[in-house]
Amino acid sequence: MSEKSAGTLAASGPGQPASKKRGRSPRIGAPRAPAGTLYRGNTGMWSWVLHRITGVAIFFFLLVHILDTALVRVSPEAYNAVINTYKTPIMGLGELGLVVAIGFHALNGLRIILIDFWGVGPKYHKLMFVVVILLLIVLLAGFVPRHLMHVFGG
Amino acid sequence: MTTERIEAPRSARAARSSGRGINWEKWGWIYMRVSGVILVVLIFGHLFVNLVSGEGVNAIDFAFVAGKWADPFYIVWDTLLLWLALIHGANGMRTIVNDYASTRPYFTLFKKNVSLSTIFKGALLASTVILLILGTLVIYTFDPCLGDPQSSGLQEICAAK
């Protein structure tokens with residue numbers, strides 16, 4: 001019984017109203033746009049994507065950052081020469097990107113923890129994503145002008 | 001006529017198979033969350049001290065590092081930062097490798113067939129171990145009077161030694 005297709009079920013007789021209904025429209029039309037699921041395309045998916053991308057970026061920065069800091073064990077000149085390149089305008093903008101990535105990864109990480117451990121976390125995951133973005137904006141409003149002043153002078 | 005049956009996720013068998021030995025994946029999952037919370041505090045503090053306060057990034061040089069590591073507080077802070085962040089990052093990268101890299105034997109390395117996944121995880125493990133050892137040695141063998149104190153601006157402190 002279970003391996004019968006919908007078509008055979010529909011033809012099996014007028015006894016069941018459900019199969020009768022299916023018999024009227026045996027074809028399933030192609031969706032006009034990718035239909036999506038509960039997950040796909042919404043904040044749940046995009047927060048996950050951003051979490052991965054920012055995580056990978058931060059990881060590779062961390063590798064470089066441990067190596068550049070290790071130069072303090074080589075000589076003051078070597079360390080200062082490398083760290084001075086961090087004070088140039090282009091690297092200054094890179095640091096801005098790094099702080100954006102770290103800020104998002106940190107706040108969204110806390111959101112993930114709340115979804116995992118807080119009883120109503122899964123219920124409010126969308127609201128918490130909005131809160132993450134708002135807190136990030138507040139954080140950056142404090143950081144960005146000050147950092148730009150440090151890098152570009154003023 | 002036979003129907004394939006998938007056991008319910010919370011059945012006795014599922015519970016038994018996960019109860020054998022240490023569940024490393026579970027502890028990895030817990031580690032990401034515990035270290036994550038601590039890292040939020042450690043990294044935001046690190047960013048504030050190094051990029052926001054005072055002259056920001058412009059203040060960072062050899063003498064700045066020497067000044068921080070003269071205080072045991074920052075030695076502990078930076079050691080925790082190094083270990084928690086690097087292991088957190090490496091475990092996250094391992095998750096990504098598990099998701100995207102093929103586990104099919106692909107290369108022959110030392111007469112063994114290895115997958116791209118194994119190569120990536122080997123590289124991750126090696127770089128993590130090397131950087132943890134390097135970073136820890138740098139913090140605990142740091143010498144503020146290394147090289148020419150004239151260039152680090154620490155001649156007054158180092159002249160006394």
Side-chain angles (χ1 to χ4, degrees), chain A residues 1-3 51-84 86-88 91-92 94-96 98-99 102-103 105-110 112-114 116-117 139 142-143 146-151 153, chain B residues 1 3 29 32-34 36-37 39-41 43-44 47-48 51-66 69 78 81-82 85-86 88-90 92-93 95-96 99 124 127-128 130-132 134-135 137-139 141-154:
Chain A
M1 191 67 192
S2 60
E3 76 270 26
H51 204 75
R52 287 219 149 169
I53 292 172
T54 53
V56 172
I58 297 163
F59 176 77
F60 284 111
F61 169 74
L62 181 60
L63 296 189
V64 176
H65 189 48
I66 293 168
L67 291 172
D68 69 52
T69 306
L71 288 173
V72 295
R73 202 64 196 87
V74 177
S75 75
E77 293 87 351
Y79 181 76
N80 289 347
V82 169
I83 222 69
N84 279 339
Y86 280 88
K87 300 167 187 172
T88 59
M91 290 300 270
E95 285 140 23
L96 216 63
L98 179 73
V99 170
I102 289 172
H105 199 85
L107 294 171
N108 192 56
L110 294 176
I112 292 170
I113 292 169
L114 287 174
D116 288 338
F117 294 109
L139 214 67
F143 176 77
R146 188 158 174 87
H147 184 66
L148 289 179
M149 270 158 62
H150 285 145
V151 174
Chain B
M1 208 49 218
T3 321
W29 185 92
M32 292 310 266
R33 279 140 187 88
V34 173
V37 172
L39 281 167
V40 171
V41 177
I43 292 176
F44 280 12
L47 288 174
F48 184 82
L51 292 183
V52 178
S53 69
E55 294 286 300
V57 71
N58 296 322
I60 304 175
D61 59 6
F62 184 85
F64 179 87
V65 178
W69 285 349
D78 287 354
L81 210 48
L82 170 71
L86 191 53
H88 185 103
M93 291 298 284
T95 306
I96 292 174
D99 276 357
L124 265 174
S127 55
T128 304
I130 289 168
L131 287 175
L132 282 178
L134 175 75
L137 282 175
V138 165
I139 296 173
T141 67
F142 177 69
D143 176 11
C145 299
L146 179 74
D148 181 15
Q150 201 81 40
S151 67
S152 62
L154 295 170

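Numbers restart at 1 for each chain; the letters A, B, ... are given by sequence-line order, proteins then strands.
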Side chains of A/Leu71 and B/Phe62, heavy atoms from C-beta outward: is any pair under 4.5 Å?
no
Could you grab the distance from atom NE2 of A/His65 to atom CG of B/Leu131, nearest 0.5 Å is fine?
12.0 Å
Is there side-chain contact between B/Leu51 and A/His147, with at least one heavy-atom pair below 4.5 Å?
yes
Pairs of heavy atoms under 4.5 Å with chain A: top-ranked of B/Val40, B/Leu82, B/Thr128:
B/Val40
Cut-off 4.5 Å, heavy atoms of chain B, and the answer for A/Val74 is backbone
B/Leu81 versus chain A, the contacting section by heavy-atom distance below 4.5 Å:
neither
If you round to the nearest 0.5 Å, how far is CD1 of A/Ile83 from CD1 of B/Ile60?
6.0 Å
Measuring heavy-atom distances to chain A, does B/Ile139 have an atom under 4.5 Å in its side chain, in its backbone, in both, or in neither?
neither
A/Tyr86 vs A/Asp68, test: side-chain hydrogen bond (donor to acceptor under 3.5 Å, both in side chains). Steps then yes/no.
CA-CA 10 Å; A/Tyr86 280 88; A/Asp68 69 52; 2.4 Å; yes
Per-residue tally against chain A (heavy atom, under 4.5 Å) across B/Leu134, B/Leu137, B/Ile96, B/Asp78 peaks at B/Ile96
Chi angles and distances behind the side-chain hydrogen bond (donor to acceptor under 3.5 Å, both in side chains) call for B/Asn58, A/His150
CA-CA 7 Å; B/Asn58 296 322; A/His150 285 145; 6.0 Å; no
With only heavy atoms counted, which part of A/Ile58 is less than 4.5 Å from chain B, the side chain, the backbone, both or neither?
neither
Given a strict heavy-atom distance threshold of 4.5 Å, which part of B/Phe64 is in contact with chain A: side chain, backbone, both, or neither?
neither
Side chain / backbone / both / neither for B/Thr95 at chain A, heavy atoms under 4.5 Å:
both
Hey, does A/Ile113 have a side-chain heavy atom less than 4.5 Å from the side chain of A/Asp116?
no
Where does B/Ile43 contact chain A at under 4.5 Å (heavy atoms): side chain, backbone, both or neither?
side chain
Chain A contact via B/Leu47 - side chain, backbone, both or neither, heavy atoms under 4.5 Å:
side chain
Top contributor to chain B interface from A/Ile112, A/Ile66, A/Val72 [non-hydrogen pairs under 4.5 Å]:
A/Val72
About how many Å separate CZ of A/Arg73 and OH of A/Tyr79, when rounded to the nearest 0.5 Å?
14.5 Å
Flag the one option from B/Val37, B/Leu86, B/Leu39 with the top tally of heavy-atom pairs under 4.5 Å to chain A.
B/Leu86
Less than 4.5 Å to any heavy atom of chain A: does that hold for the side chain of B/Val57, its backbone, both, or neither?
both
With a 4.0 Å cut-off on N to O distance, would you call B/Asp99 and A/Arg52 a salt bridge?
yes
Would you mind checking which part of A/Leu63 comes under 4.5 Å of any heavy atom in chain B, side chain (CB onward), backbone (N, CA, C, O), both or neither?
both
